[in-house]
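Working notes for the structure below.
The residues of the chain are indexed from 1 along the displayed sequence. As the structure is a computational prediction, the values presented were derived from the model and not from experiment.
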Amino acid sequence: MREILLAYGIFAMYYVITINTIYFGIIMFSFKRITGIIKETFYSKYEPLSGSKHVPPISILVPAFNEELTVKENVRSLLALHYPTHEVIVVNDGSSDDTVGVLIDEFQLKYYKPTFIKDTIPTAKVKGIYYNPEFPNLYLVDKENGGKADALNAGINLSHYPLVSSIDADSLLESDALIRIARKYMENPEEYVAIGGNVRIANGCEISDGMVKKVNLPKKLLPMMQTVEYIKAFLGGRIGWSDINGLIIVSGAFGVFKKEYIIKVGGYRGGYPGEDMNIIIKLHRYMLDNKLPYKVDFCPDAVCWTQAPDTFKILGSQRKRWGRGNLKNMLEEGMYMFMRPRYKIMGWLTIPYNIIFETLSPYFRITGFLALVGYSLLDMSGWEIIATFMLINVLYGTLLGIGSLLIEEMAFQRYPRIRDYFKMVLYTVLMFFGYRQLGILWRFLGHIDFMRKNNTWGTMTRTSWNDSNENKQSA
């Protein structure tokens, strides 16, 4: 029994090292692209594009559920974007708070019957459209509750332009974020079907009039952990995956899509969280099934700022939701593409990596840890092996985290103070002592929720952008 427990525990440790090794390869692809990204960021001129008639018009979709504290600043920031032609479509998804009232009062919107909205994609009942000619590029759709995916589909039905952008109602775009993505799209408009933006944590930043005026690191523990986690995921991960056209997700907080292909794949999938991953997998599959040239890309200098959960309860609810969405996507879409040659990078690398090292990760990690604990209780003579593997895991993971911070410093330098980088390095190490383990547990609990068919969105706390310490509510 001792030998079996030790063997399985060592297998689990090698499993973790394999994950990190694959991630090391992905981060090398990120470094491969970094020189080009630096040139694009430094030399590209975006101001002339802001007034160019050649820039493609975009419909910005803002699904909103109980967002009365943040939606006004969000809409103001979107209307003020440096972009020649765009419309903002806020979709109220049956909110129980005063989301609709806040927008009606702020922009003096008037009610119209929804007779002119298209029914291209089936959605929950639309109760009305609100509009004010003084704000000609702003629409408010009021509909019955159907979930975030359903709200996005309703926005697509109303949208007037060939490109659509999904933005979370608790997020803020930098003024040039949309034009940066548009510039990338204009490089190859025939092939780009989706381009994701870079999501950063706004906690701790100075925000005024819907814009981030000064970038600061969060003061609280959990938002700080998420700051370094997001940098690693977006800069160390998504840059590399997009370089090989293997990107499996464009964040729901900020992305731009070619509308015709979203309609062709049936729109966003409702019923479970994870609609942002699902739409990308379906786009990959559609383009590959029809042998169409395409690209799903990531634009790291197009920045969206979002509020991060600052309590264990809220963060746990979010991560369990992510776990449910990942599992459903792999069961519904991933297994069909798994190891099938026609799906190229997605079939041979992205989907297998996600299934083996993301979806199944909690089971191997938890059972491997329990096996090592069981072995230790039976015979403590192998503690040196266990300690060595754990030390290697921490050092390897820290090296990858520092690599992502190096990309941040080389290309973007959003955090101007040297002490900020020392702080981020410190938290990169601290993540391995409790935070990562909690994330694994939450993902496992999300799988249990999935098996129980628990499809609740969970609890989320919104904080007014104008006051980070007051006016909190649950959504």
Margin query: Side chains of Asn203 and Met224, heavy atoms from C-beta outward: is any pair under 4.5 Å?
Written below: no
Notebook entry, point to check: Quick one: CD1 on Ile121 to CG on Asn157, what's the gap to the nearest 0.5 Å?
Noted result: 5.5 Å
Checklist line | Atom NZ of Lys113 with >12 non-hydrogen neighbours under 6.0 angstrom | finding: no
Item checked: Distance, nearest 0.5 Å, that separates CZ of Phe254 from CD1 of Ile60 -> 8.0 Å
Item checked: Trace of the side chain to side chain contact (heavy atoms under 4.5 Å, CB included) decision for Ile281 with Ile248 -> CA-CA 6 Å; Ile281 296 176; Ile248 198 173; 3.8 Å; yes
Note to self: Please enumerate all residues that pass salt bridge (Lys or Arg N to Asp or Glu O under 4.0 Å) together with Glu144, with sequence neighbours excluded.
What the structure shows: none
Next item on the list: Give a yes or no on whether the backbone of Leu247 and the side-chain of His284 come within a donor-acceptor separation of less than 3.5 Å.
Entry: yes
Item checked: Separation between NZ of Lys264 and CE of Met287, rounded to the nearest 0.5 Å -> 8.0 Å
Notebook entry, point to check: If only atom types and distance count, is the side chain of Glu67 paired as donor or acceptor with the main-chain N or O of Thr99 below 3.5 Å?
Noted result: no
Check: Out of curiosity, Leu438 CG to Leu315 CG, how far, rounded to the nearest 0.5 Å?
Finding: 8.5 Å
Note to self: Quick one, Ile179 and Leu81 - any side-chain contact, counting heavy atoms below 4.5 Å?
What the structure shows: no
Checklist line | Candidate pair Ile89 and Ser159, rule side chain to side chain contact (heavy atoms under 4.5 Å, CB included), full reasoning | finding: CA-CA 7 Å; Ile89 302 174; Ser159 64; 4.0 Å; yes
Margin query: Tell me the closest heavy-atom pair linking Ile239 and Arg33, and the distance in Å.
Written below: O-NH1, 3.8 Å
Check: Which of these passes salt bridge (charged side-chain N to carboxylate O under 4.0 Å, His left out) with Glu275: Lys148, Lys282, Arg269, Arg324?
Finding: Lys148
Next item on the list: Heavy atoms only: give me the nearest Asp142-Asn92 pair and the separation to one decimal.
Entry: OD1-ND2, 2.8 Å
Note to self: Can you give me the closest heavy-atom contact between Gly403 and Ile27, atom names plus distance?
What the structure shows: C-CD1, 3.9 Å
Check: Run the salt bridge (Lys or Arg N to Asp or Glu O under 4.0 Å) check on Lys295 and Glu187 step by step: do they pass?
Finding: CA-CA 12 Å; Lys295 176 73 174 175; Glu187 293 175 356; over 6 Å; no
Check: When you check the side-chain N and O atoms of Asp276 and Ser251, is any donor under 3.5 Å from an acceptor?
Finding: no
Next item on the list: Might you point out which heavy atoms bring Gly246 and Ile345 nearest each other, and give the distance in Å?
Entry: CA-CG2, 3.8 Å
Check: Counting distance only, does the side-chain N/O of Ser317 pair as donor-acceptor with the main-chain N or O of Lys313 below 3.5 Å?
Finding: no
Item checked: Residue list, salt bridge (Lys or Arg N to Asp or Glu O under 4.0 Å) with Lys143, at least two apart or on another chain -> Asp93, Asp150
Item checked: Arg238 and Ser242 side chains, donor-acceptor separation under 3.5 Å -> no
Check: Is Lys232 positioned over the aromatic face of Tyr23, cation under 6.0 angstrom from the ring centre and no more than 45 degrees off axis?
Finding: yes
Item checked: Any donor-acceptor pair under 3.5 Å from Ser404 side chain to Ala233 backbone -> no
Note to self: When you measure from the side chain of Asn74 to the backbone of Ser171, do you find a donor-acceptor pair of N or O atoms at a distance under 3.5 Å?
What the structure shows: yes
Margin query: If you define the side chain from C-beta out and look only at heavy atoms, does anything of Thr85 sit under 4.5 Å from Val55?
Written below: no
Checklist line | Student check: side-chain heavy atoms of Trp322 and Pro273 closer than 4.5 Å | finding: no
Check: Should the ring pair Tyr139 and His160 be called parallel, tilted or perpendicular, given that the plane angle runs from 0 to 90° and is split at 30 and 60?
Finding: tilted
Note to self: Test: side chain to side chain donor-acceptor pair (under 3.5 Å). Region: residues 435-451. Which pairs qualify, not counting sequence neighbours?
What the structure shows: Glu229-Tyr435, Glu358-Arg443, Tyr363-His447
Checklist line | Nearest heavy atoms of Val250 and Gly255, plus distance in Å | finding: CG1-CA, 3.6 Å
Note to self: Looking at Phe24, I'd like to know if its CZ atom is crowded, meaning that more than 12 non-hydrogen atoms belonging to other residues, nucleotides or ligands lie closer than 6.0 Å.
What the structure shows: no
Checklist line | Any Phe450 side-chain heavy atom under 4.5 Å of Leu331 side chain | finding: yes
Checklist line | Tyr161 versus His86, side-chain donor and acceptor atoms under 3.5 Å | finding: no
Item checked: CD-CG distance between Gln226 and Asp310, expressed to the nearest 0.5 angstrom -> 8.5 Å
Notebook entry, point to check: Is Arg200 paired with Glu408 through a side-chain N to carboxylate O contact shorter than 4.0 Å?
Noted result: yes
Notebook entry, point to check: Do any N or O atoms from the side chain of Arg340 and from the backbone of Lys344 form a donor-acceptor pair under 3.5 angstrom?
Noted result: no
Notebook entry, point to check: Looking at Gly236 and Ile407, what are the two nearest heavy atoms and their distance?
Noted result: CA-CD1, 4.5 Å
Checklist line | Leu152 side, atom CG; Ile262 side, atom CD1 - distance, nearest 0.5 Å | finding: 8.5 Å
Checklist line | Flag if over 12 foreign heavy atoms under 6.0 Å of CZ, Phe29 | finding: no
Notebook entry, point to check: Within the side chain of Ser166, is there an N or O that forms a donor-acceptor pair under 3.5 Å with the backbone of Leu61?
Noted result: no
Check: With distance as the sole test, does Asn153 use its side chain to make a donor-acceptor pair with the main-chain N or O of Thr123 at under 3.5 Å?
Finding: no
Item checked: Minimum side-chain heavy-atom gap Ile279-Phe257 below 4.5 Å -> yes
Check: Is there a ring-ring contact (aromatic ring centres under 6.0 Å, His included) between Phe357 and Tyr15 once you walk through the steps?
Finding: CA-CA 8 Å; Phe357 297 113; Tyr15 171 86; 5.2 Å; yes
Notebook entry, point to check: According to the interplanar angle, ranging from 0 to 90°, do the rings of Phe298 and Phe234 count as parallel (below 30°), tilted (30 to 60°) or perpendicular (above 60°)?
Noted result: tilted
